[in-house]
Amino acid sequence: PMKQKVGALCLAAALLVLSGCGGSSLSIESRQWELSAVLDGETGAVVACGPSWQEAYPDAAVVSLNCQAQGGHLTLQGQKQTYTGTYQQAERSQKDTVYQVTVEGSAGQAVCSTTDHRTGEQAPTLVLSLPEAYTLYFTGE
């Protein structure tokens with residue numbers, strides 16, 4: 001449990017260092033998004049992660065989940081289940097784009113931006129937050 005909390009904090013810190021590059025923010029439609037991690041909405045613990053994050057979160061369930069967005073419709077495609085929802089742009093700045101989202105009846109927010117890693121590498125990131133449920137972190141392909 002303590003290891004999971006530390007992992008969750010590290011992931012949150014790494015993924016929440018969001019900043020833009022070149023002055024143009026990403027849009028949710030611009031990429032195919034692949035799941036990095038799922039954090040419990042109450043505890044912040046990493047409860048699931050994408051296959052490429054398994055080593056970082058050995059106690060988390062491994063889940064393959066992709067997110068695609070087009071024309072106001074959101075699709076989260078897993079191995080066995082598909083979740084659908086809607087999105088609408090709420091704000092746009094040079095660093096990020098914020099959307100109001102609803103997935104399977106749960107309302108929340110999504111933020112699309114760029115994460116700066118310590119290595120200097122920049123990665124397109126989508127953070128989908130459904131309060132009282134989960135926060136999902138996706139990396140853009």
Side-chain angles (χ1 to χ4, degrees), residues 1 3-141:
K3 191 168 150 187
Q4 231 178 1
K5 286 181 183 173
V6 170
L9 288 173
C10 290
L11 179 73
L15 292 178
L16 289 177
V17 181
L18 301 174
S19 66
C21 62
S24 65
S25 56
L26 292 168
S27 74
I28 198 169
E29 298 96 353
S30 66
R31 305 221 184 276
Q32 164 86 19
W33 301 98
E34 188 176 303
L35 182 71
S36 302
V38 178
L39 276 61
D40 182 280
E42 287 184 27
T43 65
V46 177
V47 293
C49 65
S52 60
W53 291 82
Q54 190 172 3
E55 199 173 297
Y57 303 103
D59 298 333
V62 177
V63 176
S64 289
L65 185 70
N66 292 319
C67 176
Q68 282 188 292
Q70 200 65 48
H73 296 282
L74 200 60
T75 304
L76 300 170
Q77 179 73 49
Q79 293 151 311
K80 298 177 183 172
Q81 203 160 1
T82 299
Y83 304 94
T84 57
T86 59
Y87 67 94
Q88 185 173 4
Q89 185 176 312
E91 295 173 43
R92 187 177 187 101
S93 72
Q94 290 206 338
K95 291 184 181 181
D96 55 32
T97 306
V98 178
Y99 300 89
Q100 296 302 322
V101 296
T102 304
V103 178
E104 301 290 328
S106 294
Q109 264 193 340
V111 178
C112 191
S113 189
T114 303
T115 300
D116 291 334
H117 295 287
R118 280 192 243 180
T119 60
E121 187 182 348
Q122 293 185 321
T125 304
L126 174 66
V127 180
L128 176 58
S129 181
L130 301 169
E132 299 164 23
Y134 298 102
T135 299
L136 291 83
Y137 290 84
F138 293 90
T139 304
E141 293 294 306

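FYI, the numbering just counts along the sequence from 1. Quick note: numbers below take in every heavy atom, side chains included, and nothing from hydrogens, waters or symmetry partners. In this text, all values refer to a predicted model and were calculated from it rather than measured experimentally.
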Could you walk me through whether T125 and V111 satisfy the side chain to side chain contact (heavy atoms under 4.5 Å, CB included) test, starting with their C-alpha distance in whole Å, then the side-chain angles of each, then the deciding distance to 0.1 Å, before giving a yes or no?
CA-CA 8 Å; T125 304; V111 178; over 6 Å; no
Heavy atoms of N66 and F138 approach each other most closely as C-CE2, 4.4 Å
dist Q122:CD -> S113:OG (nearest 0.5 Å) comes out at 9.5 Å
Report yes if some heavy atom in the side chain of E141 is under 4.5 Å from a heavy atom in the side chain of P124; otherwise report no.
no
Distance col, row E55:CD vs C49:SG, nearest 0.5 angstrom, shows 11.0 Å
Please report the interatomic distance SG(C67) to CD(E34), rounded to the nearest 0.5 Å.
12.0 Å
What distance do L74 atom CG and Q88 atom CD have between them, rounded to the nearest 0.5 Å?
13.0 Å
Give a yes or no answer on whether the side chain of T135 reaches the backbone of L39 with a donor-acceptor pair at less than 3.5 Å.
no
Flag the pair V62 / Q54 as yes when at least one side-chain heavy-atom distance between them is below 4.5 Å, and no otherwise.
yes
Could you go step by step and tell me if Y87 and E29 meet the side chain to side chain donor-acceptor pair (under 3.5 Å) rule?
CA-CA 10 Å; Y87 67 94; E29 298 96 353; 2.8 Å; yes
Between side-chain atoms of residues 99-108 and protein atoms elsewhere (two or more places apart, or another chain), which donor-acceptor pairs fall under 3.5 Å?
unit_1, atom_1, unit_2, atom_2, d
Y99, OH, I28, N, 3.0
E104, OE2, T84, N, 2.8

Indicate yes or no: at least one non-hydrogen side-chain atom of L76 is less than 4.5 angstrom from one of L128.
yes
Look up atom OG1 in T115 and atom OH in Y137, then write down how far apart they are to the nearest 0.5 Å.
9.5 Å
Check whether T97 reaches the backbone of L26 with its side chain - one donor and one acceptor, N or O, closer than 3.5 Å.
yes
Side-chain donor-acceptor pair present, Q77, Q68, cut-off under 3.5 Å
no
In Å, rounded to the nearest 0.5 Å, how long is the span from SG of C112 to CD of Q89?
10.0 Å
Which residue in the set V63, V127, L35, L126 passes side-chain contact (heavy atoms from CB on, under 4.5 Å) when paired with L136?
L35
What pairs of residues pass the ring pair (Phe, Tyr, Trp, His ring centres under 6.0 Å) test when at least one of them lies in residues 27-47, not counting sequence neighbours?
none
Under 3.5 Å donor-acceptor, T43 side chain and G41 backbone
no
